[in-house]
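Below is one structure, written out as structure tokens; the observations come after it.
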Amino acid sequence: MKKTLTAALGTTFLLGFAASAFAIHGTVPAEQSVVAGKNAKITLDGKIRSRGYSKSTTTVANSDGSTAEGYDSTVQLGVKAVLSDEASGYIHLETGSGSGDTYNWDGAAGLNTGGSKRGSMEINQAWINYDPGMVGVKVGHMPLALNNKQFFDHTTDGDDAIVVYMDPSSNTHIGLLTIKFNEGNTSANDDIDGYVALLMQKMGASNLGVSLTNLNRDGDVLDMYNLGIDFGGKFGPVALKAGLDYQMGDDGGTFTGGTPTAQHGFAGYAVVVDGSMDAGAVKVGAVLGYGTGDGDATDTDQEKFINFLSDVRYYSTMVGYILQVPGAASKNTGLQNMLLVQVNGAGKITDDISWKARVNYMTLNEVAVGADDDLGIELEGFLTWKLSNGLSYGIEAAYLLTGDAWKTTPTAEVDDVWFLRHSLTLDF
């Protein structure tokens, strides 16, 4: 199981709780720890996962080659070293390169050559934590996220960062971070560094989180700010989470490096409200999300909600995870230029078999002249069966009743699209 370090609202604060955040998986008895040099306590964790999938790859009607099938695998291995109450470290290796974590199944090299080794292992995490008391510091490559994960979520792959944190009380957490977003090589103004100040406060059964992030490129060519505010709590039978991200600053006319041209001012924002309640043996909930788009590409305002997200499923399977959203620069754009309305439910069939289901209605908030805003209605289902201690089998399915926003021309026809995947996972 991938252990993450997030700033999502909850009773556990972001950053600094390194001694517990990457604790060894509960299925491994503590007596399996070993003593290494310098009297370090060493614990191991990891995951082996294999998946088979079938999916639609295009919404174009009657398109040949519009489906794909295959198998992939992921391998993770983590080593945690605790040298004292103040000093600890963690190394986590994972297959895949860049933001990917899998290797695809394929055949051996040829006749009489035997099989082939699969997948390279890369550093997913490597950090040192020093917590002598009032103020602690954590340095290295680590998974990070902010607030409700709509603006910044790198929990799957991590970033190089320095974190200084303090806990004035058991209810208050304060953190200061510097994060390396991008190390460019093409010009003097293409390095992007992030600077974050955050406060998380527990208030009885509720939690409030506030963060301010500054993205700065060399020479102040990029000077963007994101203010994130989150609130969460339980009110009788209802659990509620709400978040706002609001963006300010300017980019000098370019966002990825090069010579600045006309200056653009950031003015995007995103809002999400997530509520749930227990209804007998079933939990039911609803989500409302809204992220701005850029209504006029010719003016000097950058009104779309800018975010930095990982290659994972967020609120939708087909929209953004499997298929690139129409008009977006990449797949993982979250709530950027989107209205999302979701109803969901979850429960157990037996003690070992659990299910989740979601229905999503999605539209684009800004579209080109003559284009349509309807992304469609998506049905999603998830089934997890605990086969044994640490071993589980899962099935994921999604079907998108495709809206007209996917049309390549006003008269084009689009097909519904779907996704099906099953997986066998061993966590230890």
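Everything quoted here is computed from the prediction, not taken from an experiment.
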Practice item. Using the test ring pair (Phe, Tyr, Trp, His ring centres under 6.0 Å), find all partners of F181 that sit at least two apart in sequence or belong to another chain. Key: F152, F308

Review point. With sequence neighbours excluded, what pairs up with Y195 under the ring pair (Phe, Tyr, Trp, His ring centres under 6.0 Å) test?
Key: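 Checked Y195 against ring pair (Phe, Tyr, Trp, His ring centres under 6.0 Å); zero matches.
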
Would you please name every residue forming a side-chain hydrogen bond (donor to acceptor under 3.5 Å, both in side chains) with [X], sequence neighbours left out?
X    : value
Q336 : none
D374 : none
N360 : Q342, E378, E380
S54  : E69

Check your understanding: In terms of side-chain heavy atoms, does Y321 have a donor or acceptor partner in D311 at a distance below 3.5 Å?
Key ->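 Side-chain D/A pair, Y321 to D311: absent.
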
Check your understanding: D245 and N226: side-chain donor and acceptor closer than 3.5 Å?
Key -> yes

Point to revise | NZ or CZ of K80 within 45° of Y90 ring axis and under 6.0 Å | key: no

Qualifying residues under side-chain contact (heavy atoms from CB on, under 4.5 Å), relative to [X], sequence neighbours excluded:
X    : answer
T350 : D352, I353
T402 : T59, L400, W406, V414, D416, V417
R118 : Y103, D106, S116
L227 : V210, L212, I229, M248

Point to revise | Sequence-distant partners of E366, salt bridge (Lys or Arg N to Asp or Glu O under 4.0 Å), two or more places apart | key: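 E366 satisfies salt bridge (Lys or Arg N to Asp or Glu O under 4.0 Å) with no other residue.
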
Study note, to complete from the structure: Scanning both residues in full, the closest heavy-atom pair of L364 with A405 reads CD1-CB, 4.1 Å

Review point. Nearest heavy-atom pair of A279 and V284: which atoms, and what distance?
Key: CB-CG2, 4.4 Å

Exercise for review: Write out all pairs satisfying salt bridge (Lys or Arg N to Asp or Glu O under 4.0 Å) with one or both partners inside residues 322-349, taking only residues at least two apart or from two chains.
Suggested key: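 As it turns out, there is no salt bridge (Lys or Arg N to Asp or Glu O under 4.0 Å) pair with a partner in residues 322-349 once direct neighbours are skipped.
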
Review point. Got a salt bridge between K47 and D427, using NZ or NE/NH1/NH2 to carboxylate O under 4.0 Å?
Key: no

Check your understanding: So, R49 and D101, do they make that salt bridge, N to O below 4.0 Å?
Key ->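 Salt bridge present between R49 and D101.
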
